[in-house]
Amino acid sequence: MPFPSPDLRLIAVDMDGTLLDGHGRIPDALWPLLDRLHADGIRFAPASGRQLATLQRAFAEHLDDMVFIAENGAYVVEGDTEISSDAMDAAFTASLVTRLRALAAEGRDLGVVVCGKRSAYIERADDAFLPEAAKYYARLETVPDLLSVDDQILKVAIFDFADAAATAPALADLRATHQVVVSGEHWIDVMNQGVNKGVALRRLQAATGITPAQTAVFGDYLNDLEMMDAASLSFAMANAHPEVVARARYGAPSNLEHGVITTIEKLLDGVPDPVA
């Protein structure tokens, strides 16, 4: 299926397994591409389960050119302007932390990150878990009690050292009122109902006057599914989960082949040969 000829105004890109290479790094080829996008008036929006501060650190030299869809869509910021946010109820957050402590006491090897607007917070800080949390949260505070955190909480992230997909069913009842998303092999994210990258992208489109026809998205995992529906140009990476491949309209080479960058370059250059 050939590319249409888009009036491209916005590109939203997942990070892990999509933009980042096999070593978890941003490819050097992205930086001149960001300059080209900025010159063409095209917004570039990393869309990630990561914290806003972590995304801002990764793109520190291009902050004026970026929109950030952080915390799986719970927090959207352009420059100094908050586009949208969706904080969780404090009582629910407390009940979830208590429940996760009980699961850990039963033998599940879990780490919990309570993700606020100002910072992320952990109470487990051993040498096994701390590096995993620090990888995704540039602002990370160790506190004696997660129940004492005073912040607007956007998300609770659970790291399962074994298999997140095996632990997710233990939280299945929460789906009646909240999002429970397996966002990686070891991570589960719990957010307010209706919070996802797709909703965040649509809010960003509404705020900027950009249409789905003017939007391209790239993703590889289940927390990218809703984002695929918000863009006419939706790309699943070659390494993507089968459900993402089924939802996307197009394919892109894998993250190991810098597929985001090469595909954007084709879009900008009008090359009509997407990966099928």
Side-chain angles (χ1 to χ4, degrees), residues 10 12-18 45-56 67-78 81-97 99-100 112-121 133 136-137 139 146 149 151-159 164-165 167-169 171-184 187-208 210 212 215 217-231 234 241 243-244 247:
L10 172 62
V13 178
D14 173 58
M15 295 286 284
D16 294 278
T18 299
S48 174
R50 296 177 184 230
Q51 178 190 46
L52 175 63
T54 304
L55 294 173
Q56 289 173 328
V67 184
F68 295 103
I69 299 174
E71 306 288 13
N72 268 330
Y75 202 21
V76 183
V77 173
E78 182 173 24
T81 302
E82 178 181 308
I83 302 295
S84 67
S85 64
D86 203 325
M88 298 169 66
D89 176 73
F92 172 81
T93 302
S95 68
L96 177 57
V97 168
R99 182 170 177 173
L100 293 170
V112 178
V113 186
V114 171
C115 309
K117 281 189 177 183
R118 293 194 305 271
S119 180
Y121 308 88
Y136 297 101
Y137 298 96
R139 291 181 188 158
L146 287 175
V149 167
D151 198 348
Q152 293 184 62
I153 305 306
L154 302 167
K155 181 183 75 177
V156 174
I158 304 113
F159 185 85
T167 292
L171 303 173
D173 61 295
L174 298 180
R175 289 194 170 100
T177 57
H178 288 77
Q179 293 277 334
V180 180
V181 180
V182 178
S183 59
W187 286 99
I188 302 167
D189 294 329
V190 180
M191 302 160 291
N192 280 343
Q193 189 77 284
V195 173
N196 57 59
K197 294 180 185 180
V199 168
L201 184 56
R202 292 183 191 280
R203 289 175 177 171
L204 175 58
Q205 290 167 333
T208 56
I210 294 172
T215 305
V217 302
F218 295 81
D220 77 302
Y221 210 69
L222 299 176
N223 61 335
D224 300 319
L225 284 173
E226 293 86 358
M227 194 164 63
M228 296 291 158
D229 299 332
S234 54
H241 189 285
E243 291 186 39
V244 178
R247 186 76 66 93

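How far CZ of F159 is from CD1 of I188: 11.0 Å, rounded to the nearest 0.5 Å. Interatomic distance, NE2 of H178 versus CE of M191, reported as 10.5 Å (0.5 Å rounding). Rounding to the nearest 0.5 Å gives a distance of 10.0 Å between CG of D220 and NE2 of H241. Here the CG-CD1 distance, from L100 to I158, works out to 5.0 Å after rounding to the nearest 0.5 Å. The structure places OG of S84 at 10.5 Å from CG of L201, a figure rounded to the nearest 0.5 Å. Distance CG/N72 to OG/S48: 7.0 Å, rounded to 0.5 Å.
Using a 4.5 Å heavy-atom cutoff, the side chains of D229 and R202 are in contact. Side-chain contact between Q179 and D189: absent, with no pair of heavy atoms (C-beta onward) separated by less than 4.5 Å. Within the 4.5 Å cutoff, no side-chain heavy atoms of N196 are placed close to those of V181. The shortest side-chain heavy-atom distance between R247 and D224 does not fall under the 4.5 Å cut-off. Within the 4.5 Å cutoff, the side chain of V199 has no heavy atoms near those of the E226 side chain.
Distance alone, capped at 3.5 Å, is enough to place a donor-acceptor pair between the Q205 side chain and the A230 backbone. Remark: the backbone N or O of V180 is paired with a side-chain donor or acceptor of R175 at under 3.5 angstrom.
Remark: Y136 pairs with D16, R50, W187 by the side chain to side chain contact (heavy atoms under 4.5 Å, CB included) rule, at least two apart or across chains. Take F68 and apply the ring pair (Phe, Tyr, Trp, His ring centres under 6.0 Å) test, not counting sequence neighbours, and it matches no residue.
What you find for V244 and G219 is that their closest heavy atoms are CG1-O, 3.9 Å. In plain terms, the two heavy atoms of Y121 and L146 that are nearest each other are O-CD2, 3.5 Å. For the pair S85 and L154, the tightest heavy-atom approach, listed with the atom from each and the gap, is CB-CD2, 4.4 Å. The two atoms that bring V182 and A168 nearest to each other are CG2-CB, 3.7 Å, heavy atoms only. Counting all heavy atoms, side chain and backbone alike, S119 lies closest to D151 at N-OD2, 3.5 Å. Shortest non-hydrogen contact noted between A164 and G184 is CB-O, 3.8 Å.
None of Q51, K117, K155 except one satisfies the side chain to side chain donor-acceptor pair (under 3.5 Å) rule with E71; the exception is K155.
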Requested in this report: Could you go through the side-chain contact (heavy atoms from CB on, under 4.5 Å) check for D14 and Y221 one step at a time?
Outcome: CA-CA 9 Å; D14 173 58; Y221 210 69; 5.6 Å; no
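When the shell of 6.0 Å around CZ of R139 is examined, it contains 12 or fewer heavy atoms from other residues, nucleotides or ligands.
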What side-chain donor-acceptor pairs closer than 3.5 Å can you find for residues 86-97, not counting sequence neighbours?
| unit_1 | atom_1 | unit_2 | atom_2 | d |
| --- | --- | --- | --- | --- |
| D86 | OD1 | N192 | ND2 | 2.6 |
| D89 | OD2 | A91 | N | 3.1 |
| D89 | OD2 | F92 | N | 3.1 |
| T93 | OG1 | D89 | O | 3.1 |
| S95 | OG | F92 | O | 2.7 |

